[in-house]
Amino acid sequence: MQLTCQEFVELLTDYFEVALDEPTVSRVEEHLALCEGCMTYLDQMNATLAALRRLPPEPVPGELHRAIASALGASGYSNGRRDHPIASPRRLGPDASS
Amino acid sequence: MATSLAASSRPATEAVGDQRGLVDALRAGDQRAFHSLVESHYPMMKRVARSYVDSDSLAEEVVQETWLAVVRGIGRFQHRSALSTWIYSILANKARTHGSRERRMLPFSSVGGPAENGASVDGDRFQSDEDAWPGHWATPPRPWQKPERRLLSLELRERLREALDQLPHRQRAVVTLRDVEGLSSEEVCELLELSAENQRVLLHRGRSRLRGSLEAYVDGS
């Protein structure tokens, strides 16, 4: 039986994830071949995923780097070396200004 | 715990062959080594922590406690597992402790209450039973013109970030780890203690909502 568009949109992630059985994959692909709206929907989903991949990572709060630096200073591991002192929090972006 | 976490799409400092050198540097208290390791793992660690606890600030606290435990414990690290695996197991333990302290209402492994259910596309956009083609598009999506340009805009990126932040937290965790951080489904299931099926359901709902948000933006509403 032919898939409806409403059914298609609910199967799309499973289709991408290769989690559908073979007959269902065939129905999805037959539907796509005939349905411009669903092809557009699939293109939009791909564009959404591409945009997600390009999101910049969340910046590390400067406070975290400072807490680690201070724990290193107290741990005795730092064996007196000061050749690379506490990383400048100013490098870390907006969070680090405080 | 997956051993390939460092091999996600983000550049990680922990190439497999370099692990001993890296661990030696960490043991020596090398701040630059810590700094770059924290930079490469922070976003993912925060997402994982956030999937156990109910607020961003608590998630940040869990991540910080984890790193402090790494500073204290690195001298005892035995190379029996990958360094990232060891770090994430500390993170998961700390996050679980905080999570149970908060007595969260829903375990992460359940797919969720009514707020997380719902169709991928508003039912009004499909033809009804009285129409010629029930279940087929009544208002089909319109192709996004020049998506390369529009989708790269700073404004769209901000919209997408906002939409991602507004997802129910489990959908957000799964979508972030899969689609922003580039982990495999197996890695996400392991980190978040999800079944493969629940992982797919959360991914599907999250992605569908995000596509809808971008559609609303691109179509100019």
Side-chain angles (χ1 to χ4, degrees), chain A residues 2-14 16-17 19 31 35-61 63-65 67-87 91-92, chain B residues 9-10 26-32 34-35 38-39 42-43 46-47 60 63-64 67-68 70-72 74-75 119-121 123 126 133-137 140-144 147 151-152 156-157 160-161 164 175-176 179-182 185 196-197 200-201 203-204 207-208 210-211 214-215 218:
Chain A
Q2 255 256 23
L3 278 184
T4 67
C5 306
Q6 204 161 10
E7 288 165 334
F8 170 84
V9 300
E10 301 302 345
L11 291 174
L12 184 56
T13 303
D14 284 353
F16 282 165
E17 297 282 289
H31 182 91
C35 181
E36 201 177 326
C38 286
M39 199 63 214
T40 301
Y41 186 89
L42 180 142
D43 288 343
Q44 291 185 352
M45 187 61 85
N46 275 324
T48 303
L49 301 185
L52 281 168
R53 280 194 292 275
R54 286 193 297 265
L55 276 184
E58 194 171 350
V60 180
E63 194 210 330
L64 175 58
H65 283 305
I68 292 168
S70 131
L72 285 173
S75 69
Y77 285 125
S78 60
N79 60 23
R81 282 195 304 159
R82 280 283 175 257
D83 47 339
H84 23 77
I86 296 173
R91 288 181 50 225
L92 303 171
Chain B
S9 67
R10 298 283 186 210
L26 297 174
R27 284 185 176 151
D30 184 331
Q31 287 179 4
R32 267 192 296 211
F34 269 102
H35 192 284
V38 170
E39 288 286 330
Y42 178 82
K46 185 163 165 205
R47 284 301 158 208
E60 283 168 16
V63 174
Q64 178 154 334
W67 282 108
L68 297 180
V70 170
V71 170
R72 285 192 301 271
I74 190 69
S120 297
V121 174
F126 299 101
W133 301 96
H136 291 263
W137 293 104
R142 294 190 304 199
W144 291 345
L151 288 172
L152 283 169
L156 179 130
R157 199 186 281 175
L160 184 59
R161 174 66 76 185
L164 188 59
V175 171
T176 305
D179 296 334
V180 184
E181 301 295 332
S185 55
E197 195 188 346
R200 279 201 310 276
V201 170
L203 184 67
H204 179 67
R207 284 178 173 179
S208 301
L210 295 179
R211 187 215 61 89
L214 291 192
E215 183 183 37
V218 173

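All chains are named by letter (A, B, ...) in the order of the sequence lines, taking the proteins before the strands, and each is independently numbered beginning at 1.
- To the nearest 0.5 Å, atoms CG (Leu49(A)) and CZ (Arg207(B)) are separated by 4.5 Å.
- Residue with the most contacts toward chain B among Leu12(A), Asp14(A), Asp43(A): Asp14(A) (heavy-atom pairs, distance under 4.5 Å).
- The backbone N or O of Pro56(A) lies less than 3.5 Å from no partner atom in the side chain of Arg157(B), so there is not a single donor-acceptor pair.
- Summarising the geometry, atom CZ belonging to Phe16(A) is positioned 14.5 Å from atom CZ belonging to Arg200(B); distances are rounded to the nearest 0.5 Å.
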Q: Apply side-chain contact (heavy atoms from CB on, under 4.5 Å) to Leu214(B) and Gln44(A), showing your working.
A: CA-CA 9 Å; Leu214(B) 291 192; Gln44(A) 291 185 352; over 6 Å; no
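- For Arg47(B), there are no side chain to side chain donor-acceptor pair (under 3.5 Å) partners, not counting sequence neighbours.
- Between chain B and the options Glu36(A), Met39(A), Glu17(A), the largest number of non-hydrogen pairs under 4.5 Å is found for Glu17(A).
- Remark: Arg72(B) CZ to Leu72(A) CG distance equals 11.5 Å, nearest 0.5 Å.
- Take Ser120(B) and apply the side chain to side chain donor-acceptor pair (under 3.5 Å) test, not counting sequence neighbours, and it matches Glu10(A), His204(B), Ser208(B).
- The choice from Pro141(B), Pro140(B), Gly123(B) that makes the most heavy-atom pairs within less than 4.5 Å of chain A is Pro141(B).
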Q. Which is it for Phe126(B) and Thr4(A) under the side-chain contact (heavy atoms from CB on, under 4.5 Å) test, yes or no, and what are the steps along the way?
A. CA-CA 9 Å; Phe126(B) 299 101; Thr4(A) 67; over 6 Å; no
Q: Check the pair Trp137(B) / Val9(A) against side-chain contact (heavy atoms from CB on, under 4.5 Å), numbers first and verdict last.
A: CA-CA 11 Å; Trp137(B) 293 104; Val9(A) 300; 3.8 Å; yes
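- Using a 4.5 Å cut-off between heavy atoms, Leu68(B) contacts chain A through its side chain alone, with no backbone atom that close.
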Q: Check step by step if side-chain hydrogen bond (donor to acceptor under 3.5 Å, both in side chains) holds for Glu39(B) and His65(A).
A: CA-CA 9 Å; Glu39(B) 288 286 330; His65(A) 283 305; 2.9 Å; yes
